[in-house]
Structures are given as C-alpha cells and as structure tokens.
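Remarks on the structure that follows.
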Amino acid sequence: MFPAVTTPRIRSSSRLQEASGAPYAVRLLESLATHQVPTWLLVSTHGWRLLAEECGIKDEAALKKATSGDWGCVRLFNDADRGAEPASGSVENTGMVVCPCSMGTMAAIAHGTSRSLIERAADVTLKERRTLVLVPRETRCRSCTCVT
C-alpha cells in the first residue's frame, strides 16, 4: 500500500493522467480522501476526457462525489501550471503516484523531458529521492518503453 496512508501528516501527490485506467485513479483518490491523507491532485486534459468516457465523471464536482465527497485534504492543481507547488522540491511530501501512467509519460519521466506539471513533479520527486509509483496502463512492456 502507498506509504502516505500510514503518514497522514505529510502531503502526498496523486496524478490522473492520459492513459486509460481511470477507475483505478478514482479508487486511489477515494482511499486517500477517506483516510484524510493530504493530497495534491493533478488531472491532465486527457485524464478528464478518460474520466468522462470510462467513469461518467465530467467535472470536479462529479469527481468529488465519486470519491466520497470529502475533499478537505485534497487540493487540485492545473496540469498546465509547471510553476505550481508540486514542481518544487522545497515543499515536503512522501512521494507521488502517477495513476494511470501512459508509456509516453513513463518515457518522459525516465528521460527527464517534462512537458507538464505531472512530469515536472515526477522529476522533482526523483531528484529529492522520494517514492515515485507509476501505474502503467499498458500490460505489455517493450524494450523501448521499459526502464531497467
């Protein structure tokens, strides 16, 4: 289980991203919110599209309702804002989960070519030697997308 659940005093990060698998992300966010884990939430444009297609969640209000409605510990950030707090290593957190994670995002993170706040926050997480959990959408990895 993600260590943030056992350390609720320290902020965690969760990202809803463009790969399919939106129900996993909704369940993760529900668990973090239920346990009152302070969470930074970033949802990409493609993430919102997949939430609508796969879960019928069309906006922030519907996402709150789908995740128990108690977002006192959740703070939503715009993925286009690469200067937001999750992009700074000076703000402490326990780590980051990218759920789901496309192979393109995984490759960008692995090669340090951040194009969004999600990818920049992952870069910072690695730089600060914090836990980074990637939940890949694709079940088969090819040699060009797997990092060993």
Side-chain angles (χ1 to χ4, degrees), residues 1-110 112-128 130-141 145:
M1 182 169 277
F2 185 63
V5 174
T6 60
T7 57
R9 293 171 296 169
I10 300 176
R11 186 173 290 110
S12 68
S13 298
S14 179
R15 278 63 170 155
L16 295 178
Q17 211 250 335
E18 69 260 16
S20 70
Y24 297 114
V26 171
R27 179 66 182 106
L28 172 63
L29 184 57
E30 178 183 26
S31 180
L32 292 169
T34 299
H35 289 91
Q36 292 295 303
V37 177
T39 302
W40 287 342
L41 176 64
L42 288 80
V43 185
S44 70
T45 303
H46 296 293
W48 282 115
R49 179 181 55 87
L50 286 169
L51 282 168
E53 290 174 5
E54 296 180 10
C55 304
I57 297 170
K58 299 187 187 308
D59 57 19
E60 183 180 347
L63 184 57
K64 280 183 184 179
K65 185 177 179 183
T67 58
S68 76
D70 184 7
W71 271 25
C73 62
V74 178
R75 183 171 168 200
L76 182 64
F77 288 88
N78 183 336
D79 186 43
D81 184 3
R82 290 184 49 188
E85 284 178 274
S88 172
S90 62
V91 181
E92 282 231 19
N93 63 55
T94 57
M96 176 178 170
V97 177
V98 181
C99 176
C101 183
S102 71
M103 291 296 113
T105 297
M106 184 181 289
I109 293 168
T113 57
S114 60
R115 305 162 295 186
S116 66
L117 181 56
I118 291 171
E119 293 167 4
R120 174 66 186 140
D123 288 344
V124 169
T125 299
L126 291 172
K127 177 183 74 85
E128 296 296 324
R130 296 180 182 139
T131 302
L132 174 62
V133 177
L134 303 179
V135 182
R137 178 194 91 146
E138 290 83 356
T139 56
R140 295 183 204 154
C141 291
T145 56

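Computed over heavy atoms, backbone and side chain alike; hydrogens, waters and symmetry mates excluded. Computed from a predicted model, the values in this text were never measured in an experiment.
Here the straight-line distance linking atom CD1 of Ile118 with atom CZ of Arg82 works out to 12.0 Å at 0.5 Å rounding. Note that CG of Leu132 and CG of Leu126 are 5.0 Å apart. Values are rounded to the nearest 0.5 Å. To the nearest 0.5 Å, atoms NE2 (His46) and OG1 (Thr105) are separated by 9.0 Å. Of the inter-residue distances, the one linking Ser68 atom OG with Glu30 atom CD reads 6.0 Å to the nearest 0.5 angstrom. Rounded to the nearest 0.5 Å, atoms OG1 (Thr125) and CG (Asn93) are 5.5 Å apart. Atom CZ of Arg75 sits about 10.0 Å away from atom CG of Leu42, to the nearest 0.5 Å.
The side-chain heavy atoms of Leu29 and Leu63, taken from C-beta on, include a pair separated by under 4.5 Å. Considering only heavy atoms from C-beta on, Asp123 stays 4.5 Å or farther from Lys127 through its side chain. Residues Val135 and Val97 form a side-chain contact, since some pair of their non-hydrogen atoms from C-beta on lies under 4.5 Å apart. Taking 4.5 Å as the limit, every side-chain heavy atom of Leu117 sits out of range of all side-chain heavy atoms of Trp40. With a 4.5 Å cut-off on side-chain heavy atoms, Lys65 and Ile57 do not count as touching.
Within the 3.5 Å criterion, the main-chain N or O of Val124 finds no donor-acceptor partner in the side chain of Glu128. Looking at Glu54, its side chain does come within 3.5 Å of a backbone N or O of Ala22 through a donor-acceptor pair. Put simply, the side chain of Ser90 never gets that close to the backbone of Ser88: no donor and acceptor are under 3.5 Å apart.
For Arg115 against Gly104, the heavy-atom pair with the smallest separation is NH2-O, 3.6 Å. Taking all atoms of both residues into account, the shortest heavy-atom contact from Val26 to Cys55 is CG2-SG, 4.2 Å.
Looking at residues two or more places apart in sequence or on another chain, you find no side-chain hydrogen bond (donor to acceptor under 3.5 Å, both in side chains) involving Arg130. Every residue two or more places apart in sequence or in another chain that forms a side-chain contact (heavy atoms from CB on, under 4.5 Å) with Ala52 is listed here: Lys58.
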*Using the side-chain contact (heavy atoms from CB on, under 4.5 Å) rule, take Asp79 and Val43 through it: C-alpha gap first, then chi angles, then the decisive distance, then the call.*
CA-CA 6 Å; Asp79 186 43; Val43 185; over 6 Å; no

